[in-house]
Structures are given as C-alpha cells and as structure tokens.
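These notes concern the structure reproduced below.
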Amino acid sequence: MSVGVDSGDEVITTPFTFVATAGSIARLKAKPVFVDIDPQTYNLDCKQLEAAFTRNTKAIIPVHLFGLPAEMHSVMELARAHRVAVIEDAAQAIGSRYQGKSVGNVGTCGCFSFFPSKNLGGAGDGGMISTNDPEFADRLSVLRNHGGHERYHYEVLGMNSRLDALQAAILRVKFGWLNRWTEARRQIAKRYRQLFEEAGLDKRVRLPVEPHGLFHVYHQFVIRAPRRDELRDHLRNSGIPTEIYYPLPLHLQPAFAYLGYGSGSFPRAEAASREVLALPIFPTMTEAQQRAVVDDIARFFAGST
Ligand SMILES: Cc1ncc(COP(=O)(O)O)c(C=O)c1O
C-alpha cells in the first residue's frame, strides 16, 4: 500500500516463499508475477527477472529466504532501470547483510517479522518496516494508524497495524541479545558443515551456500537430500524434529490457481520443494545435539546402501 501498488498492477516475486509475500500483493488486487529461483541460494534468479517486467510492473519483492540475502545488486539495477519500488521481505533475515549493508536498508523499504519463531521473536505477532526516507516513513505510520496523523481525522484508508506495546517491551529486551544469537547461529552452521564433512555426508546432501559478500543469519539451516520424506520420517522416529519450507510453491497453491500457472512453470522451485529439509538450529544448540542429528542422518544413508 505504501508504494502505491493498486488493482491491476504487477509485482514480481518468488514462488518459493511464505504465503504472506504474495498475499500482500494479491490483497491489493494486484497481480503476483513469479520468477523462478536460483537452485543454490533459493532466492530470486536475477537472470530471469528482466523478462518478467511489463509496463504494469510496480514493484519487486525479493525475499531473503532462510536468512540469506537475495542478489540485491541486480535487483536494484533492474528496479532503477524500470523505476519500480523494491520491498525487501526480510522476515527471516534480521541482521543479515548484503555486501556490508544490512538487509532492509537496500531497497525502498524492508519488512521484518517478529513472529515467535523468528531470529528476533516476540511472544506473539509483530513486525517492523524499515526505510531511510522520512516521507515514506510518515506514510507508513499513517497507514498503520487507521490512515490519519490526527486522531479522528483520516487522510487515507489505513488499518490498525501498530506494534502491540507488550510485544515491543519484550522485543526491546531481546534485541540486546540479537547479535550474540546471530553469532551463535553462524557458529552452529559452521559446526554442521564440519560434522557433515567428517561423516562424509557432504556429497550425499547439499548444504546451504553462503556466497562471498553475503552474511547469512541462518534463520534456517536447510539441506537438500535425496529421499527427503523417508529421511524426515527416520529423524522423526529418533525424536529429531525437522520442517519443510516449503512443501508446495505458491504458484501451485489453490489460493493462487487463478494466476494460471501450473506444474512445470517454475521447475527449480518445484524441485526444491521436493528436496529441502530444515534441520534443528537455535542459538543454544549444543555440539552433542548437532552430532545426534548428523549421526542419525549418517545412519539413514548407511542403511540405504
Ligand atoms: C518470508 C516471509 N515473509 C513474510 C512472513 C510473514 O510474517 P508475519 O507472520 O509476521 O506476518 C514470514 C513469516 O511468517 C516469512 O517467513
């Protein structure tokens, strides 16, 4: 709403994301236009972006999925050339950096989620939008407060989207811990890599990538594995919880069937949805817990050869 997206406009984004990314577009009666992902990073494949622009394109929403920044240089270049807004979906990526710049500080604005499971989570729902433009910030604060600067006077149609004071108080305390937690997540990711290598599993499963210049905050540690569903059952039987982000890309969801995409429209997103598995990761995870995960994965593959 704040960048002026309206009915009939198009907004380019990825089909391999949480529903809210595209839902925010569709709710304005604008059209989500999906572009397939890079199979290594799971983020928008910028080589395919250009072809998605039409004269109705109003914005791009790159998603920094799992805590890894999207390829923002190309996104910004294309956005400037086509004069469209860039809304960074940084819901999973607070603290991550693209070539030294914090995510949410590169595009027109950045959207963060404080859902309890996020790297900085409240005790309920909440979120934040970042921008460097004071005028834009003013528009946002009006929209979140029913559309007016002054009580009982409304300039535009807004909504109630204020951060609850109780959540704000909790987040304010937890915020002081964020950098330490991020560092802990990065250490845990590093240790996972070592353990997978030691077990000779780094050829069996594909580990997450961290391209040069991108600072990953490992909201999720997502591997790609053959026989993913069997592996997940095996881990579950050992008491090790995992999750699949995401089992069905958005273009194949009934809610977006009206867009007319079908099976095969975005083969990389579809392949990822069949193979990805998010392993346990949290700042206080111990080495013994990590070993238990990797050993159990090793047992699964040992039993299958
Ligand atoms: C990529 C992505 N975008 C948007 C959201 C929506 O955030 P919220 O649940 O705070 O509305 C989430 C998480 O829930 C997410 O993971």
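Atoms within each ligand, like the ligands themselves, are counted from 1 in listed order. All values reported here derive from a predicted model rather than from experimental measurement.
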Protein heavy-atom partner closest to atom 6 (C) of ligand 1 - residue, atom, separation in Å: Ala20 CB, 3.7 Å
Protein heavy atom at shortest distance from atom 16 (O) of ligand 1: Gln92 NE2, 2.9 Å
Per-atom contacts, ligand 1 versus Thr21 - under 4.0 Å to a heavy atom: 3 (N)
Closest protein heavy atom to atom 10 (O) of ligand 1, given as residue, atom name and distance to 0.1 Å: Ser113 OG, 2.6 Å
Polar contact flag, side-chain donor to acceptor under 3.5 angstrom, Thr242-Arg232: yes
Proximal ligand 1 atoms for Ala91, defined as those under 4.0 Å from one of its heavy atoms: 2 (C), 3 (N), 4 (C), 5 (C), 12 (C), 15 (C)
Those atoms of ligand 1 less than 4.0 Å from some heavy atom in Thr17: 1 (C)
Minimum non-hydrogen distance to atom 13 (C) of ligand 1, winning option of Met128, Gln220, Lys118: Lys118
Taking atom 12 (C) of ligand 1 as the reference point, the nearest protein heavy atom with its distance: Phe18 CD2, 3.4 Å
Sub-4.0 Å heavy-atom contact, Asp125 with ligand 1: no
Smallest separation among heavy atoms of Leu68 and Pro211, with atom names: CD1-CD, 3.9 Å
Minimum-distance protein heavy atom relative to atom 1 (C) of ligand 1: Asp89 OD2, 3.5 Å
Shortest non-hydrogen contact from Ser96 toward Pro69: OG-CG, 3.7 Å
Atom of Pro116, atom of Ala123 and distance for their closest heavy-atom approach: CG-C, 4.1 Å
SB check Asp9 Lys31 (cutoff 4.0 Å): no
Residues Glu287 and Arg291 bridged, charged N to O under 4.0 Å: yes
Check: Val217 main-chain N/O paired with Arg186 side-chain donor or acceptor under 3.5 Å: no
